[in-house]
Amino acid sequence: MAPEPVVPLVRILAGRIEMAAEIAALSGSGAVGGVVTFSGYCRDEGGRLEALELEHYPGMAEREIERIAAQAAERWPLTGCHVLHRYGLVKPGEEIVFVGCASAHRQAAFEAASFLMDYLKTRAPFWKREHLKDGTTGGWVESKDTDSAAADRWHRL
Amino acid sequence: MKLVYFAWVRERIGLAEETVEPPAEVRSVEDLLGWLKGRGPNYDSALAAPEVIRVAIDHEHVDHADPIGAAREVALFPPMTGG
């Protein structure tokens, strides 16, 4: 009988993400052979950008990421799965999102982390808007077709 | 039903949320978008290309062909750009 899927930890927060603490929490058991993490950062867009503003849909953002993370935990034999996503103003160089997947073997952890990011990009209700160095508010960041294609590939695997 | 709007949909409509009572013939998500679009120039501007609008009912993504049913909260927003 397959072991019960791990219950993922999902947090939506305004403050900084303590990545070292997340990795320590994911790796603290003798059952773990590898932890794969992805952290996404705010670019400065060639020096133009003062900050990114992340709007989210409170309530649905947590639930949608929990649904995606539960799918990952069903599909791969994970021992831990943490997903943290910020909202509000994020400065260039600061982290926006952290995904960490732990497993007995590396392949499951790599694939689950990649799956989580691809789905989070196209399904988690967050929207980015640029705040520019010249004091103006720029436009809403447009979604990319390549993100949809990246999520779709998991249906074919 | 309660409607909530995000990002440029919210900005163009000029409201973050509102409560509406659509007529009985508004049964699907597509019907709702069409009905809303006719409510004024701000709605028309937000929903000018209804096919790009994403919709969630009670915190779950739905397709435009899906029925509204007994939805309590319907959210309208642009394609997502998190991560």
Side-chain angles (χ1 to χ4, degrees), chain A residues 10 12 17 38-43 52-68 83-88 90 95-99 113-130 137-148 150-151, chain B residues 1-20 28-30 32-33 36-37 41-83:
Chain A
V10 174
I12 312 298
I17 299 171
F38 175 85
S39 38
Y41 295 89
C42 174
R43 288 183 297 263
L52 274 180
E53 178 186 350
L54 280 125
E55 179 170 332
H56 76 302
Y57 183 180
M60 181 174 171
E62 290 87 341
R63 284 191 52 189
E64 188 61 26
I65 295 178
E66 280 165 6
R67 277 191 282 265
I68 298 165
V83 183
L84 290 85
H85 201 302
R86 290 178 65 186
Y87 66 90
V90 176
E95 71 290 345
I96 297 170
V97 62
F98 173 90
V99 166
S114 185
F115 167 91
L116 274 163
M117 276 309 302
D118 286 344
Y119 267 73
L120 194 147
K121 281 261 175 193
T122 54
R123 295 188 63 88
F126 288 85
W127 302 272
K128 292 187 183 113
R129 177 161 50 182
E130 295 184 329
T137 301
W140 293 94
V141 173
E142 285 197 30
S143 66
K144 295 193 191 79
D145 290 342
T146 50
D147 287 336
S148 299
Chain B
M1 87 185 45
K2 182 179 172 188
L3 298 178
V4 294
Y5 309 122
F6 294 96
W8 55 253
V9 174
R10 170 177 54 71
E11 289 186 332
R12 290 182 193 175
I13 291 177
L15 290 171
E17 59 177 73
E18 63 181 319
T19 300
V20 297
S28 68
V29 169
E30 189 178 10
L32 178 68
L33 294 175
L36 280 172
K37 197 169 178 297
N42 49 333
Y43 293 91
D44 189 52
S45 152
L47 308 175
E51 67 279 4
V52 308
I53 303 293
R54 306 299 173 93
V55 179
I57 293 182
D58 296 331
H59 292 176
E60 291 203 36
H61 290 295
V62 293
D63 291 326
H64 286 197
D66 286 340
I68 296 170
R72 290 187 305 273
E73 182 170 297
V74 181
L76 274 60
F77 44 78
M80 291 142 281
T81 55

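So you know, we letter chains A, B, ... as the sequences are listed, proteins then strands, and number each from 1.
- B:Met80 CE to A:His56 NE2: the interatomic distance, rounded to the nearest 0.5 Å, is 14.5 Å.
- Proximity to chain A (any heavy atom under 4.5 Å) is restricted, for B:Glu11, to the side chain, taken from C-beta onward.
- Per-residue heavy-atom pair counts under 4.5 Å with chain B were compared for A:Val99, A:Thr122, A:Leu120, and the maximum is reached by A:Thr122.
- The most heavy-atom pairs under 4.5 Å with chain B, out of A:Gly40, A:Gly59, A:Gly139, come from A:Gly59.
- Only the side chain of A:Arg67 comes within less than 4.5 Å of a heavy atom in chain B; its backbone stays farther off.
- Ring geometry, A:Trp127 versus B:Phe6: the interplanar angle falls under 30°, so the pair is classed parallel (tilted spans 30 to 60°).
- The two residues B:His59 and A:Met60 make their nearest non-hydrogen contact at O-CG, 3.4 Å.
- Annotation for A:Glu55 and B:Ala7: closest pair OE2-N, 2.9 Å, computed over non-hydrogen atoms.
- Per-residue counts of heavy-atom pairs under 4.5 Å with chain B were compared for A:Met117, A:Lys144, A:Arg129, A:Lys128; the largest is that of A:Lys128.
- Taking all atoms of both residues into account, the shortest heavy-atom contact from A:Glu142 to B:Thr81 is C-CG2, 3.8 Å.
- Minimum heavy-atom separation, A:Arg63 to B:Glu60: NH2-OE2, 3.8 Å.
- More than 12 heavy atoms of other residues, nucleotides or ligands shown are found within 6.0 angstrom of CD on A:Glu95.
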